[in-house]
Novice: 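This structure is in C-alpha cells; I'll ask about it shortly.
A note on names: the letters A, B, ... follow the listed sequences, proteins ahead of strands, and every chain is numbered from 1.
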Amino acid sequence: MIKIKNVSMKFNLGIENDNSLKMMFIRFFNFKKRKKQEYFWALKDIDFNIEKGEVVGVIGINGAGKSTLLKVVSGVYKPTTGEVIVNGKISPMIELGAGFDADLTARENIYLNGAILGYDKEFLDEKFNEIVQFAEVKEFLDVPVKNFSSGMVAKLAFSISTIVNPQVLIVDEILSVGDLKFQEKSKNKMMSMITGGTTVLYVSHSLEAIKNLCSKVIWLDHGKIVMFGETNEVCEAYYKSQQES
Amino acid sequence: MLIKNIYHNLIKYKFLLIELIKRDFKIKYKRSVLGILWSVLYPLLMMSVMALIFSQMFKFNMEGVNFLVYLMTGLVMFGYFSEATNSSLISIVSNFSLINKVYIPKYIFPLAKCLFAGINFLLTLIPLVLIMLISGSPEAGTKCYLNIYYLIIPYIFLCIFMFTLGMSYLLSALTVFLRDIIYIWGIILTILNYVTPIFYPLAMLPTYLQTIFKLNPLYMYIGSLREVLLFSRMPSTYLLVGMFVTGFVMMIFGMYFFRKKQDKFVYYM
C-alpha cells in the first residue's frame with residue numbers, strides 16, 4: 001500500500017555553481033543577488049492512495065515529474081513537504097546496475113549490488129545460482145565486469161534486481177535488455193512480477209502497455225496531478241490533449 | 001530511542017556495510033604485486049626514512065626513550081586518522097550516482113571508510129610490534145616490555161575511532177556543499193602532522209606551546225599509547241579523561257551535523 005499525502009518537492013535551480021568557496025564569497029558580498037533564488041517545483045501537492053495489489057500507471061510528458069515521483073516513493077528523495085507512507089518491502093527498478101563496480105568480478109558484484117538493494121547474505125547465497133542462470137553469465141563469473149559487454153552488464157543487473165518478490169514494485173518503463181532472446185525473457189519476467197499480485201507503480205510512455213497492465217492511471221503535468229482514475233478514461237483524455245498541442 | 005534506531009539500522013544494513021568494506025579491500029590490493037603486505041611494509045619504510053632523517057640529520061636524541069617505537073606509534077595513529085578522514089571526505093560525493101538511484105542510509109559510507117581504515121590500522125600494528133620486539137636495549141632502558149596497562153589500549157583505540165568517525169561525518173557532509181573542503185582538509189592535515197608531536201618530543205618546545213599542543217586530541221591518543229608502550233605506565237588522568245571527552249563530543253557533533261544535513265544532499269548532486 002502506498003499513501004502519498006500532500007507531497008511537494010522543491011529543487012533549487014542553478015545550485016550547481018554554488019558549491020565552491022569562491023561562489024560563497026561572492027554571494028556573501030553580493031547582497032542584491034543573494035535573495036534571488038530560483039525555485040522549481042518538481043512535484044506540487046501530490047495526493048493519492050494506492051491499495052494493496054493495485055497496478056497504477058503514471059503518464060505525462062517529459063519533465064512532468066514522473067521520475068521524481070518514483071524517487072520520492074522509493075525514498076531516494078525526501079519530499080520538501082508532505083508525507084510518504086509505504087507498507088512493505090520496496091523494489092525500485094528505476095535504474096539497473098546502480099553500484100556496480102567495474103573492477104569487481106560478476107560474482108562479487110552480485111553480492112555488492114544485492115546488498116545495495118537491501119537483500120541479505122542468506123538470501124543471495126540461496127538465489128545465487130538462479131541469478132547466474134538467468135543472466136547467462138556462468139562462464140564469466142570471475143571476470144571483472146569492466147570486461148563485459150554492455151549487454152551482459154545489463155543482463156546481470158536485471159537478473160539481480162528481479163530476483164525478489166517485492167511487495168511494492170516501482171518501475172520506470174518496462175525494461176527489456178540484452179539480445180532478442182533475453183529481451184523476450186526479461187519482458188516476461190517483468191510481466192509476471194507486475195501481474196503477480198504486488199502493488200505496482202509503473203511509469204511508461206507507451207499507452208498500449210499502460211492499458212494492458214494498469215487498473216488506474218495518474219496523469220502528471222508540471223508536477224501536478226491532472227487526472228487520477230480509470231485507465232481508459234485517463235488515457236483517452238491524455239491522448240486527446242497530446243493531439244491538440 | 002535514537003540509539004535503538006541506529007542499532008536496528010546497523011543490523012539491517014550490516015551486510016551492506018561488510019560488502020562495502022570488502023569492495024574497498026579488493027580494489028585497494030587487486031593490482032599490486034605485494035598486495036596486503038603493503039599495509040605492513042609501508043609504515044615500516046615510512047618509519048625508516050623518518051628515523052634516518054630525524055636521528056641522523058637533526059640529531060634528535062631522547063634520553064631513555066626508544067625513538068623508533070616513539071616514531072612508529074605516532075605514525076601509525078596519525079596514519080589512521082589521516083587515511084580514514086581523507087577517504088571519508090569524498091565518500092558521499094563519490095557515491096552520488098548510487099545515492100541518487102537507490103535508497104541507502106547515507107551514514108553507511110563514512111562508517112564503512114572508517115572501519116576499512118581501521119582494519120588497515122590493525123595491520124600496521126604488526127610492524128609496530130615487530131619494532132618493539134627487535135629495538136631498544138635493556139641497559140639504556142629503551143626496551144619495551146609487556147605490562148598490565150596494555151589493557152587500556154582498546155580504550156585508546158575506541159577514543160581515536162570515535163574522534164575520527166565524528167570528524168569523518170562532519171567532513172563528508174561539508175564536502176557535499178563545498179567541494180573546496182577536499183583541498184582545505186589536505187592543508188589542515190599537513191598542519192596537524194606538524195603540531196602533533198609525531199617525530200619530535202613535546203618537551204623540546206617552549207612551555208607555553210606545550211600547554212597549547214596538549215589540547216590537541218590527536219596528541220592525547222598518541223601520547224597515551226606511548227605512555228603504555230614506551231614507559232609501561234598509566235596515562236595521566238588528564239589524558240584518560242581528555243581522550244574520551246574529545247572522542248565522544250566529536251562523534252556526537254559529527255553525527256548530529258550529518259543527520260541534520262543528509263536530506264539536503266540530493267539537491268547538491
Side-chain angles (χ1 to χ4, degrees), chain A residues 9-13 15-16 18-25 39-40 42 67-68 70-80 86 90-105 108-125 144 161 170 172, chain B residues 9-32 90-106 108-109 112 172-185 187 259-269:
Chain A
M9 185 79 199
K10 185 172 74 176
F11 283 103
N12 284 357
L13 287 180
I15 216 159
E16 221 95 307
D18 277 8
N19 26 1
S20 77
L21 205 59
K22 193 182 93 188
M23 283 310 292
M24 263 195 159
F25 211 67
Y39 297 121
F40 168 71
S67 293
T68 308
L70 293 196
K71 283 184 179 178
V72 166
V73 174
S74 62
V76 173
Y77 292 163
K78 192 180 179 185
T80 314
V86 180
I90 307 180
S91 181
M93 309 241 323
I94 301 175
E95 258 170 278
L96 298 181
F100 263 30
D101 199 300
D103 282 318
L104 297 184
T105 66
E108 290 160 348
N109 265 311
I110 289 177
Y111 280 93
L112 178 61
N113 199 239
I116 285 168
L117 293 174
Y119 310 160
D120 54 27
K121 189 174 184 328
E122 292 72 33
F123 179 79
L124 280 168
D125 284 338
S161 308
I170 293 172
D172 201 345
Chain B
N9 246 317
L10 266 183
I11 295 296
K12 196 172 159 201
Y13 288 98
K14 193 182 78 188
F15 178 51
L16 176 60
L17 192 62
I18 293 170
E19 283 298 315
L20 286 174
I21 295 172
K22 263 162 86 179
R23 172 184 71 171
D24 283 346
F25 219 80
K26 284 170 188 157
I27 303 262
K28 178 158 185 179
Y29 297 114
K30 212 154 209 178
R31 282 301 179 90
S32 58
I90 52 164
S91 64
I92 297 293
V93 181
S94 59
N95 281 301
F96 264 174
S97 62
L98 195 58
I99 292 169
N100 205 7
K101 283 171 195 156
V102 195
Y103 172 75
I104 304 173
K106 297 166 194 72
I108 209 162
F109 295 108
S172 62
L174 281 175
T175 306
V176 174
F177 305 111
L178 197 67
R179 303 294 151 91
D180 306 52
I181 297 286
I182 298 170
Y183 306 103
I184 296 171
W185 185 243
I187 293 164
R259 212 182 142 82
K260 273 268 157 190
K261 298 289 178 189
Q262 61 177 353
D263 291 330
K264 294 206 175 88
F265 289 173
V266 290
Y267 299 119
Y268 291 85
M269 289 180 182

Novice: N95(B) versus chain A, heavy atoms under 4.5 Å apart: side chain, backbone, both or neither?
Specialist: neither
Novice: Taking all non-hydrogen atoms of both residues into account, name the closest pair between S74(A) and Y103(B) and its distance.
Specialist: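 Nearest heavy atoms, S74(A) then Y103(B): O-CB, 3.4 Å.
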Novice: Checking heavy atoms, do the side chain of I99(B), its backbone, both or neither come under 4.5 Å from chain A?
Specialist: backbone
Novice: Considering all heavy atoms of both residues, which atom of Y119(A) and which atom of F15(B) are nearest to each other, and what is their separation?
Specialist: O-CD2, 3.2 Å
Novice: Can E108(A) and K26(B) be counted as an ion pair, charged N to O under 4.0 angstrom?
Specialist: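 So E108(A) pairs with K26(B) through a salt bridge.
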Novice: Is any side-chain heavy atom of Y77(A) less than 4.5 Å from a side-chain heavy atom of D263(B)?
Specialist: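 No; the side chains remain at least 4.5 Å from each other.
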Novice: If we check side-chain contact (heavy atoms from CB on, under 4.5 Å) with V102(B), which of these qualifies: I116(A), I90(A), N113(A)?
Specialist: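 So the option named by the test is I116(A).
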Novice: Taking side chain as everything from C-beta outward and backbone as N, CA, C, O, which of these in K121(A) sits under 4.5 Å from a heavy atom of chain B? Side chain, backbone, both or neither.
Specialist: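 Its backbone and side chain both get close to chain B.
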Novice: Non-hydrogen atoms of chain B under 4.5 Å away: do they reach the side chain of L124(A), the backbone, both or neither?
Specialist: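 Just its side chain gets close to chain B.
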Novice: Quick check on D101(A) against chain B: is it the side chain, the backbone, both or neither that has a heavy atom closer than 4.5 Å?
Specialist: side chain
Novice: So, taking the atom named NZ in K22(B) and the one named CG in L104(A), what distance separates them when rounded to the nearest 0.5 Å?
Specialist: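 Here the interatomic distance stands at 10.5 Å.
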Novice: For the residue pair L112(A) and L20(B), establish whether any side-chain heavy-atom pair is separated by less than 4.5 Å.
Specialist: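 Result yes, sub-4.5 Å side-chain heavy-atom pair found.
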